[in-house]
Amino acid sequence: MSTDEVKARLELLRIEHRDLDSAISSLADLSAADQLQLARLKKRKLRLRDEIAVLEDQLIPDIIA
């Protein structure tokens, strides 16, 4: 994947991560919140965070000390 492709993918993942954060907040505010759905959203958000970290690492050049 080229640097531009990584950056574009990273931006999409960050947007999805923010959207999930909003969805989780909205669902948690409901008195009859679906706990299973809430858990699935949180799990997806964690997977996105991990994928974002991997892509960010690809953008940082290795520095040999």
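Looking at residues two or more places apart in sequence or on another chain, you find a side-chain hydrogen bond (donor to acceptor under 3.5 Å, both in side chains) between Glu56 and Arg14. With sequence neighbours left out, Ser25 forms a side-chain contact (heavy atoms from CB on, under 4.5 Å) with no residue at all. Take Val6 and apply the side-chain contact (heavy atoms from CB on, under 4.5 Å) test, not counting sequence neighbours, and it matches Met1, Leu55, Gln58, Leu59. For Arg44, the side-chain hydrogen bond (donor to acceptor under 3.5 Å, both in side chains) test picks out Glu16, with sequence neighbours left out.
With rounding to the nearest 0.5 angstrom, the CG atom of Leu20 is 11.5 Å from the CG atom of Leu27. Taking CD1 of Ile52 as the reference point, atom CG of Asp57 lies at 12.0 Å (rounded to 0.5 Å).
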Please walk me through it: do Leu46 and Lys42 pass side-chain contact (heavy atoms from CB on, under 4.5 Å)? CA-CA 6 Å; Leu46 289 173; Lys42 287 180 179 181; 5.7 Å; no
Check residues 32-41 and write down every donor-acceptor pair under 3.5 Å in which the side-chain atom is one partner and the other belongs to a residue at least two apart or another chain.
residue	atom	partner	partner atom	Å
Asp34	OD1	Leu36	N	3.2
Asp34	OD1	Gln37	N	3.4

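For the side chain to side chain donor-acceptor pair (under 3.5 Å) condition, the pairs that include at least one residue of residues 45-55, sequence neighbours left out, are Arg9-Glu51, Asp21-Lys45.
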